[in-house]
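Please read these numbers as outputs of a predicted model, since none were measured by experiment.
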Amino acid sequence: LLVMIPAYNEEASLARVIANVRGAVPACDVVVINDGSRDKTKFVGREAGAFVVNLPFNLGIGSAMQTGFIFARDNNYDFAIQVDGDGQHDPREIEVILTPVINGDADVIAGARYIEDRGYITPLARRVGIIILSSIISAVVWRRVTDPTSGFRASNRKAIEYCAGNYPYDYPEPESVVQFSRAGIKMREVPVTMNP
């Protein structure tokens, strides 16, 4: 099991995120994909005991995540979890997104903020945008998608191999939902609680 943490200038939160991941899933490996940070992100990641892959400059979240999937593929991980470096995702919820993947219910499970009302507050303009985006994506993939921008995901080996070679770089979370549907990668959402 690999937990992938894309990070851009996250020195203030990264050590806490890694510690929380290790507390929730002690047996996992952690890789920080340092996306050209100008702060001490790479040093904080190393000091916290994570593998650190340093990109030469800021390539964006899509390229950072594809790098994480390449790392997972090349090091023969069976499962990979994406957790953001800013602390929004609660590592105690990793089991919630990982268990259905381990059980074979889907190739990718995304933790979704909007399936259940768990008190997550989204600014109005962003929420309207997410509603519009989720409506369009739901129509394209022929199933309900409530949180297409969620980056809190668990992937199995099939999805890892696919994402290592084919991961969108502009708007990776929403675009990947459509790509997965077209590529036969089965994706589902489960409700999770996220931090602001």
Practice prompt. Under the side-chain contact (heavy atoms from CB on, under 4.5 Å) rule, what do R126 and L124 come out as? Steps first, then yes or no, please.
Written response: CA-CA 5 Å; R126 181 173 168 81; L124 181 60; over 6 Å; no
Worksheet item: Donor-acceptor pair, N75 side chain versus F71 backbone, under 3.5 Å?
Response: yes
Worksheet item: side-chain contact (heavy atoms from CB on, under 4.5 Å) with E161: which residues, sequence neighbours excluded?
Response: R73, R157
Discussion item. Nearest 0.5 angstrom please: C163 SG to Q66 CD, how far?
Written reply: 8.5 Å
Practice prompt. May I have the step-by-step check of side-chain contact (heavy atoms from CB on, under 4.5 Å) for M187 and R143, ending in yes or no?
Written response: CA-CA 10 Å; M187 180 177 179; R143 66 175 176 78; 3.6 Å; yes
Practice prompt. With Y167 as reference, evaluate F69, F180, Y162 under the ring-ring contact (aromatic ring centres under 6.0 Å, His included) test and give the passing residue.
Written response: F69
Worksheet item: Is there a donor in the side chain of T41 and an acceptor in the side chain of R46, or the other way round, less than 3.5 Å apart?
Response: no
Worksheet entry | Heavy-atom closest contact (A64 atom, I33 atom, distance) | O-CG2, 3.5 Å
Worksheet item: Can you tell me if D29 uses its side chain to pair, donor with acceptor, with the backbone of L1 under 3.5 Å?
Response: no
Discussion item. Any non-hydrogen side-chain atom of I18 less than 4.5 Å from a side-chain atom of R16?
Written reply: no
Fill in: Residue pair D39 / E10: nearest heavy atoms and the distance that separates them
OD2-N, 3.4 Å
Worksheet item: Tell me, do V192 and I115 make a side-chain contact under 4.5 Å, heavy atoms counted?
Response: no
Worksheet item: M194 and G111: which non-hydrogen atoms are nearest, and at how many Å?
Response: CE-O, 3.4 Å
Fill in: Euclidean distance, N195 CG relative to S13 OG, rounded to 0.5 Å
11.0 Å
Worksheet item: Are any of the side-chain heavy atoms of V178 and V141 separated by less than 4.5 Å?
Response: yes
Discussion item. Is it the case that the side chains of E11 and S37 hold a donor-acceptor pair, with the cut-off being a distance below 3.5 Å and no angle test?
Written reply: no
Discussion item. Looking at every heavy atom in both R22 and C28, which two are closest together, and how far apart are they?
Written reply: NH1-O, 3.4 Å
Worksheet item: Going by heavy atoms in the side chains, are V25 and P91 under 4.5 Å from each other?
Response: no
Discussion item. Main chain of V145, side chain of S138: is a donor-acceptor contact present, judged purely on distance under 3.5 Å?
Written reply: yes
Discussion item. Please determine whether residues I131 and V128 belong to a single hydrophobic cluster, defined as Ile, Leu, Val, Met, Phe, Trp and Tyr linked transitively by side-chain heavy-atom distances below 4.5 Å.
Written reply: no
Worksheet item: Roughly how far, to the nearest 0.5 Å, is the CE atom of M65 from the CG atom of D84?
Response: 8.5 Å
Worksheet item: What is the minimum heavy-atom distance between G45 and V32, and which atoms define it?
Response: CA-CG2, 4.4 Å
Discussion item. Under the criterion side-chain contact (heavy atoms from CB on, under 4.5 Å), I'd like the reasoning laid out for R38 against N9: C-alpha separation, chi angles, the key distance, then a yes or no.
Written reply: CA-CA 6 Å; R38 296 180 182 198; N9 295 333; 4.0 Å; yes
Item to complete: State yes or no: do V108 and F79 share one hydrophobic cluster built from I, L, V, M, F, W and Y residues joined by side-chain heavy-atom distances below 4.5 Å, directly or via other members?
Response: no
Worksheet, complete the sentence: From the list V21, L2, I5, I97, side chain to side chain contact (heavy atoms under 4.5 Å, CB included) with I81 holds only for I97
Worksheet item: Out of curiosity, E189 CD to I109 CD1, how far, rounded to the nearest 0.5 Å?
Response: 9.5 Å
Hey, can you pull the donor-acceptor pairs under 3.5 Å for the side chains in residues 52-60, sequence neighbours left out?
from: N54; atom 1: OD1; to: N34; atom 2: ND2; distance (Å): 2.8
from: N58; atom 1: ND2; to: D35; atom 2: O; distance (Å): 3.1
from: N58; atom 1: ND2; to: D35; atom 2: OD2; distance (Å): 2.9

Discussion item. Rounded at 0.5 Å granularity, tell me how far CG in N156 sits from CG in N103.
Written reply: 12.0 Å
Fill in: Hydrophobic cluster of Y8, others only, ordered by chain and residue number, side-chain cut-off 4.5 Å
none
Practice prompt. Could you verify whether a donor N or O on one side chain and an acceptor N or O on the other, from R153 and S176, lie under 3.5 Å apart?
Written response: yes
Response to the item:
The reported gap from OG1 in T149 to CD in E173 (rounded to nearest 0.5 angstrom) is 7.0 Å
Practice prompt. Consider only side-chain heavy atoms of I, L, V, M, F, W and Y, link residues closer than 4.5 Å, and tell whether V44 and V30 are in one cluster.
Written response: yes
Worksheet item: According to a 4.5 Å side-chain heavy-atom criterion applied to Ile, Leu, Val, Met, Phe, Trp and Tyr, with indirect links allowed, do V96 and V101 form part of one hydrophobic cluster?
Response: yes
Practice prompt. Look at atom CZ of R144 and say whether more than 12 heavy atoms of other residues, nucleotides or ligands are closer to it than 6.0 Å.
Written response: no
Discussion item. When you group the ILVMFWY residues by side-chain heavy-atom contacts below 4.5 Å and let the links chain together, are Y114 and L133 in the same group?
Written reply: no
Worksheet item: Of all heavy-atom pairs between D90 and F152, which one has the smallest distance, and what is that distance?
Response: O-CZ, 3.7 Å
Item to complete: Carefully, step by step, assess R127 and I130 under the rule side-chain contact (heavy atoms from CB on, under 4.5 Å).
Response: CA-CA 5 Å; R127 184 67 181 123; I130 289 172; 3.6 Å; yes
